[in-house]
Amino acid sequence: MLWCATCSSGTAGAFSIPERLVYDLTWTGIKAGTATLQVMDDGDSMRVVSTANSADWISVFYRVEDRVETVLAKGKSQIFMAQPKNYRLRIREGRHRRDKEIVFDHEKKKAVFINHLDAEKKEFTIHKNVFDPLSVLYYVRTLKLEVGKPVFVDLFDSKKLWNVEVQVLRKERISSVMGDVNTIVIKPLMKSEGIFNRKGDLYIWLTDDEKRVPVRMQTKVAVGSITATLVSITY
């Protein structure tokens, strides 16, 4: 088992590699699908994969097949254990389709955005400490989080460099597959895609310990809200 941590003095601790998290997705209290978050060791790289798939009954009228993947080069970042190299998002949510990719060249401080559906390709300027919308979650998990003190992270998405505020809202004790756990609730102020097309704020419950495991996530969708509840964790 490998362990990941930043070199920053503000780290919370570490998360495991490999790690596989499985979630039940519920829509207004009814199971609507399954999602996974997985981080794997690839030698000189680490790979993070997120998937979401709708349940059979909801696929009849609103099929969801999402896959988001990012590959990060180890030992290249000044603030994290790995640096994004390639980010690919492929989603199908009802009639909504997206297939986009970001190729990072941190040495040249460039990111190439590719829209595979529209044959669009553009180059943008970035800096070395930039994340993509998936790897940013793992970076935030390593930070020291204090209620009332937001943290800010730079990420590149949707052809733009964003300085994202992550609000640290409160501490809350909840029941989970890990038992009753103390959590810290965060609210990233970002607009990114995947795991159902969001229409409102995203809330994430992280365990208030050195692992910062996301045991619950919740967001509004076009109708109602989606809650992702952790049902399985494998280290």
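Annotation: the span from L202 atom CG to L137 atom CG amounts to 9.0 Å, rounded to 0.5 Å. Note: K74 NZ to K85 NZ = 10.5 Å, rounded to the nearest 0.5 Å. Rounding to the nearest 0.5 angstrom, the gap separating the CZ atom in R98 from the OG atom in S158 is 6.5 Å. Here N163 contributes atom CG and F152 contributes atom CZ; the two are 6.5 Å apart, rounded to the nearest 0.5 Å. Atom OG of S175 is separated from atom CG of D180 by 4.0 Å, given to the nearest 0.5 angstrom.
Taking the ring centre of Y235 as origin, the terminal cationic atom of K211 falls inside the region bounded by 6.0 Å and 45° from the ring axis.
Of the possible donor and acceptor atoms, none in the side chain of Q218 sits under 3.5 Å from a partner among the backbone N and O of I204. Looking only at distances, a side-chain donor or acceptor of H106 sits under 3.5 Å from a matching main-chain atom of P84. With hydrogens and angles disregarded, a donor-acceptor distance shorter than 3.5 Å links the side chain of S54 to the backbone of V64. Not one N or O on the side chain of S45 forms a donor-acceptor pair closer than 3.5 Å with the backbone of D42. Using modelled atom types, one side-chain atom of R141 and one backbone atom of R212 make a donor-acceptor pair closer than 3.5 Å. Counting only distance, with no hydrogens or angles, the side chain of T183 and the backbone of E172 share a donor-acceptor pair below 3.5 Å. Judged by distance alone, the side chain of S176 and the main-chain N or O of M178 form a donor-acceptor pair under 3.5 Å. Counting only distance, with no hydrogens or angles, the side chain of T219 and the backbone of D201 share a donor-acceptor pair below 3.5 Å. Remark: side-chain polar atoms of W27 are not paired, donor with acceptor, to backbone N or O of G33 under 3.5 angstrom.
Electrostatic pairing of K159 and E120 counts as a salt bridge here, judged by a charged N lying under 4.0 Å from a carboxylate O. In this structure, R92 does not pair ionically with D66, as no charged nitrogen and carboxylate oxygen lie closer than 4.0 Å. In summary, R216 and D24 do not engage in a salt bridge, as defined by a charged side-chain N under 4.0 Å from a carboxylate O.
No side-chain heavy atom of L161 sits under 4.5 Å from any side-chain heavy atom of F124.
F104 and N86 make their closest contact through CD1-N, 4.3 Å (heavy atoms, listed as atom of the first residue, atom of the second, distance).
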